[in-house]
Structure formats: C-alpha cells, structure tokens
Protein chains: 2
Amino acid sequence: MFRIGEFSTFTRVSVKMLRHYDEIGLLKAGFVDPATSYRYYTADQLPRLNQIIALKDLGISLEQIGELLRTELAPTELRGMLKLRKLELEGHIQREQQRLALLEARLSMLEQPVEGQGYAVVQRSLAPLLVASVRQHVPEVGQPITNLFEELESLVSTHQARAASSPLTLFHNPGYREEELEVEVAVPLKTVIPASARIAVYELPAVPQAACVVYTGSYAHSTTALNALLRWVEANRCHVAGPLREVYLRFGADDPDSLRLPPAFLTNDSEQFVTELQLPVQPHT
Amino acid sequence: MFRIGEFSTFTRVSVKMLRHYDEIGLLKAGFVDPATSYRYYTADQLPRLNQIIALKDLGISLEQIGELLRTELAPTELRGMLKLRKLELEGHIQREQQRLALLEARLSMLEQPVEGQGYAVVQRSLAPLLVASVRQHVPEVGQPITNLFEELESLVSTHQARAASSPLTLFHNPGYREEELEVEVAVPLKTVIPASARIAVYELPAVPQAACVVYTGSYAHSTTALNALLRWVEANRCHVAGPLREVYLRFGADDPDSLRLPPAFLTNDSEQFVTELQLPVQPHT
DNA sequence: GTACACCTTCCGATTATGGGAGAGTCAAGG
DNA sequence: CCTTGACTCTCCCATAATCGGAAGGTGTAC
C-alpha cells in the first residue's frame with residue numbers, strides 16, 4: 001500500500017491527476033480509509049495506470065480510455081490500435097507539413113506591400129453550365145476533394161459525357177461556418193447523364209456578374225487571391241451574391257491537355273497550376 | 001464592409017472566434033455600429049487575420065500573437081520563426097516516435113501474465129560510493145541526462161579520477177512530483193576532485209537494505225522493472241526509504257568495457273543494455 | 001408587414017491540468 | 001504524551017481555445 005504521494009513519484013503522475021482519475025472512476029484508489037479518506041494504492045494498480053498513460057499518450061481522451069479498459073481489451077486489439085495510431089500519427093505529420101507550406105504562402109504574402117499584390121480582378125458574367133456534382137461536408141480542403149473528383153470523372157467517362165472545360169468546386173456558405181466546410185465539386189457535361197443519390201446532374205445557373213481572379217501556383221496561394229477578390233468587392237461597393245467558385249484551369253503540369261486529372265491540392269510541385277476564383281456579386285445595395 | 005457571418009465564411013474562422021478575437025483585442029472589428037453593436041469587417045483586415053491564423057497554426061498562443069503583431073514584426077523575423085518552428089516540429093515528431101517505442105513496451109507488458117514478469121528482485125545492501133554528481137530538474141528523462149553524463153565524464157577524466165564502476169542516476173522525490181523531475185546523475189570517483197557550483201563531490205551514503213532488480217534492454221523497459229520492484233516492496237511489507245537509483249551496468253553495446261560512454265536513453269538499438277534499479281527500503285513500519 | 005436569416009450579449013460547458021485555502025492526519029523526536 | 005513538519009483531504013477557482021444555447025434586437029425580401 002502506497003500513499004498517494006509515493007505512488008505519484010513512482011508513476012510520475014501528479015497527485016492532482018491521481019485524485020482526478022479516482023473521481024472519474026478511471027483508476028480508483030485500491031483502498032480508502034473510511035475514517036480519514038486517505039487514498040492508498042497497491043502495486044497491483046500499476047499495470048492499469050501504465051495502460052492509462054500509454055493510451056493517454058496515444059492521444060485518447062480519458063473518457064475513451066475508461067470505455068476501452070472497461071471492455072478488458074485483448075492485446076491484439078491494442079496492437080491494432082497502436083498500428084492505427086502510428087499511421088494516424090504519420091498522416092498527422094504529413095498534414096503538418098502541408099500546413100507549413102500553406103503557412104509559408106501566408107507569410108510570404110506579408111513580405112510584399114499589401115496593396116498591389118498583382119492580382120487582376122475582372123468583372124464578367126458566367127454562362128450556365130451543365131455539370132455532374134457531388135455536394136458534401138468535408139473537414140478541410142485537400143485530399144477529400146481530390147477523391148471526389150476522381151469519383152466524378154470516372155463516372156462521367158463511362159458515359160462519355162465529359163465536356164471539354166475545367167472542373168470546379170463551389171464553396172457553399174455552410175450555415176454560419178461553424179463546424180465543417182460544405183463543398184460541391186463539379187465536372188462539366190456535354191450531355192445529361194443519369195443522376196444518383198450522391199451525384200446530382202443539373203445546370204449551374206448563369207451568373208450575371210462575378211468578380212474573377214486568376215492565380216497560379218498551389219492551393220496555398222488561393223488565400224491571397226481571395227483576399228484580392230474581397231478587396232475588389234469592397235472597393236466596388238457590391239456585395240456577394242452566391243457561393244465562391246474555384247475553377248481548375250490547368251493542373252497536372254506534365255499533361256496540360258488532360259482535363260481528366262483531378263486537381264492535386266497542396267502538393268509541393270504544383271507551381272504550374274492555374275486556377276480561377278469566381279465570386280458572384282450584386283452591385284450597390 | 002462585410003458582416004461578421006460573411007467574413008467568417010470567407011476566412012474560415014468561426015463567428016464565435018471572430019467575436020472572441022474582437023474581445024481580446026487581437027482583431028478588432030473595422031467598424032461597430034454604435035446603435036446596433038453590429039460588427040463590420042473590411043477587406044483591409046484580411047491580411048492581419050491571415051497572419052493570426054498562420055501564427056496560430058504555428059502553435060503560438062493568441063496572447064503571444066497579440067504581442068508579436070503589436071511589434072510589427074519584420075518579415076525576416078517571421079521567416080526565422082518559421083524555420084525554428086519547422087525544426088521544433090521535426091523534433092516533436094521524433095519525440096513522438098520515441099514515445100511510441102516506450103508505449104510499445106508498456107503495451108507488451110500487458111501481453112504477459114501480470115504476475116511472473118520474470119524480474120528477480122533481490123534484497124541487498126549498497127556500499128557507500130564516492131561520486132561527482134550534478135543534481136538538476138529536467139522535464140523528462142532522455143537526452144538531457146545523457147548530456148549531463150557527458151559533462152561529468154569529461155570533467156572527471158581531466159582529473160583522471162574515474163573509478164571503475166558504473167555511472168548512475170538518482171531520482172529524488174521532487175516535492176510532490178508536480179511539475180518537473182529532479183534527477184541527480186553521478187559517476188564514481190577513486191579520489192576526491194574539486195567540486196564546483198554545479199558539480200558536487202561527495203560520498204553517497206551506504207544503504208543497509210535495498211530492493212534491487214536488473215533489467216536488460218532500453219529505458220522503455222524500466223517501467224516494467226520498477227513495477228516489479230514496487231510489487232516486491234509491497235509483498236514484503238517494507239516501505240521506501242530513499243531515492244530510487246538507476247545504475248547503468250552496461251551500455252554502448254559495441255564497447256562493453258568502456259565505462260565512459262554515457263547511457264543512451266530511448267535509442268532503438270539498445271537491447272543489449274543492462275541496468276539495475278535499486279530502491280532503498282526499510283522493513284516493517 | 002411579417003417572416004426569416006442574421007446579429008447582439010451573456011452564461012455555461014468542454015479537457016486535462018494545476019494553484020491555493022482551510023482543515024485534518026501521520027510519524028518522528030523531544 | 002505532545003509538538004512539529006510533512007503529508008493528505010475536500011472545495012473552489014483558473015487556464016486556453018472553442019462551442020452551444022437562450023433571450024432579444026436588426027435588416028431585408030417577398
């Protein structure tokens with residue numbers, strides 16, 4: 001039987017935390033003196049505590065750990081989780097690196113004078129466009145969207161209905177933009193093809209007036225371009241009248257004629273990409 | 001001028017957060033209607049917000065970001081921070097992997113029956129030992145300790161005072177073990193050498209009774225060994241009477257005779273290491 | 001002119017963790 | 001046997017960044 005302080009020094013878990021684990025039932029003290037309420041721990045409890053801190057280091061919340069330990073998890077299960085977590089961690093690292101790239105773009109933005117960032121914003125109208133599209137909530141722009149494009153393109157190609165213009169993404173104002181991002185990825189069609197539950201086939205409405213800007217380079221630069229767009233909108237005293245569209249004019253540098261490659265977001269070697277942002281606007285108020 | 005919701009959708013910062021940033025003065029709304037308290041944002045504020053989220057993604061707290069932006073940071077400075085952060089991130093990744101290794105050890109512990117974990121705990125006495133030592137708070141076991149050993153060994157070798165026994169670490173109960181770990185790393189001496197402010201030279205007291213266990217392999221296994229030790233202490237109804245000692249009997253597999261290599265913690269290829277844990281105990285109560 | 005989307009403030013919750021107050025307990029030494 | 005000092009108890013509060021919700025006011029489009 002060890003007192004809480006001793007147990008704390010050997011397990012390197014703070015007294016506060018041991019008490020906390022006791023409270024939430026994650027690791028109850030082995031014995032509690034009914035007279036003094038002193039907690040006493042036994043060596044038998046060490047394995048469980050070790051499990052707990054191992055799982056905690058895996059990034060699992062205490063609540064989930066409690067559930068896991070309640071089910072007396074088989075070692076193989078743990079192994080599996082370990083592997084899974086390892087993968088997850090690697091993916092995490094990758095995403096971190098992407099973030100760094102994006103961030104680099106954001107920072108480089110600051111190095112130039114804020115005003116003339118060299119983005120030529122033009123106002124024009126957008127023609128209606130027959131498309132096949134998937135609309136979906138995604139946690140963030142990137143891989144998921146590329147996957148959606150792959151799905152769409154493969155479907156459309158089986159019907160040989162692909163029109164020779166660029167694929168695009170529409171960013172729908174998702175409620176008040178808490179939580180997730182609602183995107184609609186769309187590829188142009190020359191003929192109507194059967195829709196499905198997931199995939200809609202319809203005509204994107206014409207837009208009488210849109211502020212448009214073309215940017216080159218990876219997705220990381222889109223922030224800057226959007227910035228220019230909004231600045232234009234403000235300067236011209238219009239207001240936004242529809243979801244932002246992002247049109248992938250050129251992507252896949254080696255194969256500029258192929259429209260069938262989905263855009264590769266956030267890759268490093270994407271400096272040759274050409275993208276247009278289109279923002280529907282209405283003049284005046 | 002954009003209303004908060006619109007600004008939110010385009011910057012992908014939630015309305016709640018925009019209001020929060022306004023409150024704490026990180027990004028004040030460009031204009032607040034005095035009658036309605038409506039917040040209005042301008043395109044001019046986009047760069048600043050982009051800075052904020054860039055820095056936030058760097059892992060910097062909002063408070064610090066505020067300070068940074070107040071000083072109108074030079075771009076080169078930002079570059080530097082970026083590089084720094086990148087390094088930091090890589091280090092972080094490395095540590096994560098170490099943690100995974102340690103964790104693997106913890107988990108594998110579970111795969112064996114909890115009882116006989118094959119650790120032979122013996123009780124014996126420890127002789128007094130003249131040492132040079134550094135006592136210091138460290139955030140975690142690992143690199144810092146290795147460095148301390150290097151420092152000690154190099155000092156001792158200039159005096160040619162090294163005794164031919166193993167270096168060790170003492171883990172002092174650091175208060176109640178909140179915050180940091182207080183370790184004392186020590187190398188044995190055959191003669192007294194001058195002490196300094198950092199480095200103490202004295203005789204470690206003899207310990208009449210200590211529970212000892214030898215384990216092989218990397219530091220990751222020490223948890224298990226300590227576990228066995230505490231179990232023994234409990235079973236033999238003694239209690240702990242001093243700081244835990246960790247004696248590095250063999251380390252640096254290629255050069256078993258060299259006592260001058262500091263132990264390499266948490267490395268992968270350390271399966272040949274031999275370490276003894278010694279825990280001073282007192283019988284009975 | 002009414003509905004509906006949007007905005008406001010205020011209050012509370014989250015998760016893992018620690019600080020501190022005020023009071024009780026244990027063990028060792030006088 | 002009593003004091004002392006280290007230890008423990010419970011309770012309350014705080015953090016940082018973020019969200020949820022309630023109650024009430026605003027703007028605008030049909």
Side-chain angles (χ1 to χ4, degrees), chain A residues 1-9 11-27 29 31-41 52-53 55-67 139 172-180 239-241 282 284-285, chain B residues 1-9 11-27 29-41 52-53 55-67 139 172-180 238-241 282 284-285:
Chain A
M1 304 271 275
F2 303 92
R3 296 213 300 197
I4 196 169
E6 218 171 14
F7 206 65
S8 164
T9 51
T11 58
R12 283 172 206 165
V13 174
S14 74
V15 173
K16 284 279 184 186
M17 278 304 98
L18 287 175
R19 285 201 271 253
H20 183 52
Y21 295 165
D22 188 6
E23 254 176 44
I24 66 176
L26 189 54
L27 181 79
F31 167 70
V32 179
D33 186 326
T36 70
S37 302
Y38 272 32
R39 293 173 183 81
Y40 294 90
Y41 293 84
I52 290 171
I53 51 192
L55 292 171
K56 186 162 69 62
D57 281 356
L58 244 49
I60 299 171
S61 76
L62 297 185
E63 194 180 5
Q64 283 178 305
I65 292 173
E67 288 166 24
H172 293 278
N173 313 21
Y176 318 83
R177 165 70 222 125
E178 328 257 323
E179 304 193 359
E180 290 195 324
H239 64 272
V240 178
Q282 261 186 348
H284 192 231
T285 298
Chain B
M1 305 272 272
F2 303 92
R3 298 214 297 199
I4 197 169
E6 218 170 14
F7 205 66
S8 163
T9 50
T11 58
R12 283 172 208 166
V13 174
S14 76
V15 172
K16 286 274 184 186
M17 278 305 98
L18 287 175
R19 285 201 271 255
H20 183 50
Y21 295 164
D22 188 6
E23 254 174 44
I24 66 177
L26 190 53
L27 182 79
F31 167 71
V32 179
D33 186 324
T36 68
S37 303
Y38 272 33
R39 292 174 182 82
Y40 293 90
Y41 292 84
I52 292 171
I53 50 190
L55 293 171
K56 187 164 67 66
D57 281 356
L58 242 48
I60 299 170
S61 75
L62 297 186
E63 195 179 4
Q64 284 178 303
I65 292 172
E67 287 166 23
H172 293 277
N173 311 21
Y176 318 85
R177 163 70 220 122
E178 328 257 321
E179 306 191 1
E180 289 194 323
C238 349
H239 66 274
V240 178
Q282 262 185 348
H284 192 230
T285 297

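Predicted, not measured: the structure shown is a model, and the values here were computed from it.
Candidate nucleotides dC26(C), dT18(D), dT8(C) were compared by shortest atom distance to the side chain of Lys56(B), and dT18(D) ranks first. Closest approach to the Ile4(B) side chain among dT10(D), dC7(C), dT18(D) is made by dC7(C) (side chain taken as heavy atoms from C-beta onward). Distance from the side chain of Lys16(B) is smallest for dG20(D) among the nucleotides dG20(D), dG18(C), dC7(C).
The structure places CE of Met1(A) at 11.5 Å from OH of Tyr41(A), a figure rounded to the nearest 0.5 Å. A distance of 8.0 Å separates CD1 in Ile53(B) from OH in Tyr21(B), rounded to the nearest 0.5 Å. Separation of atoms OG (Ser61(B)) and CD (Glu67(B)) is listed at 7.5 Å; rounding is to 0.5 Å. Taken to the nearest 0.5 Å, the OG1 atom of Thr11(A) stands 12.0 Å off from the CE atom of Met17(A). Taken to the nearest 0.5 Å, the CG atom of Leu55(A) stands 5.0 Å off from the CD1 atom of Ile60(A).
Taking atom CZ of residue Phe2(B) and atom P of nucleotide dC6(C), one finds them 16 Å apart after rounding to whole Å. Rounded to an integer number of Å, the gap from Leu62(A) CG to dG18(C) P is 12 Å. Distance CD (Glu23(A)) to C1' (dT15(C)): 14 Å, rounded to an integer number of Å. One atom, CZ of Phe7(A), and another, P of dT8(D), lie 13 Å apart when rounded to the nearest Å. The distance between atom CZ of Arg3(A) and atom C1' of dT25(C), rounded to the nearest whole Å, is 8 Å. Spacing between atom CG of Leu26(B) and atom P of dA16(D) amounts to 13 Å, rounded to whole angstrom units. The CZ atom of Arg19(B) sits 18 Å away from the P atom of dG12(C) (whole-angstrom rounding). Per the geometry, CG belonging to Leu18(B) stands 11 Å off P belonging to dT18(D), to the nearest Å.
If you check every strand for non-hydrogen atoms under 4.0 Å, Tyr21(A) touches sugar and phosphate atoms only.
Ser14(A) has no side-chain polar atom (N or O) that falls below the 4.0 Å cut-off from OP1 or OP2 of dT17(C). Contact between the side-chain N/O atoms of Arg39(B) and the OP1/OP2 oxygens of dC7(C) is not found at any separation under 4.0 Å.
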_Go through it in stages, so that I can follow the logic: the residues are Leu62(A) and His20(A), the test is side chain to side chain contact (heavy atoms under 4.5 Å, CB included), and I'd like the CA-CA distance, side-chain angles, deciding distance and then a yes or no._
CA-CA 10 Å; Leu62(A) 297 185; His20(A) 183 52; 4.2 Å; yes
_Residue pair Leu18(A), Arg39(A): steps toward the side chain to side chain contact (heavy atoms under 4.5 Å, CB included) verdict_ = CA-CA 10 Å; Leu18(A) 287 175; Arg39(A) 293 173 183 81; over 6 Å; no
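With DNA chain C read from its 5' end, the first of the two nearest nucleotides for Tyr38(A) and Met17(A) is the one closest to Met17(A). Each of Ser61(B) and Glu6(A) lies near DNA chain D, and the nucleotide nearest Glu6(A) is the one positioned closer to the 5' end.
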Please write out the pairs of protein N or O atoms and N or O atoms of nucleotides 1-5 of chain D separated by less than 3.5 Å, giving the distance to one decimal.
none

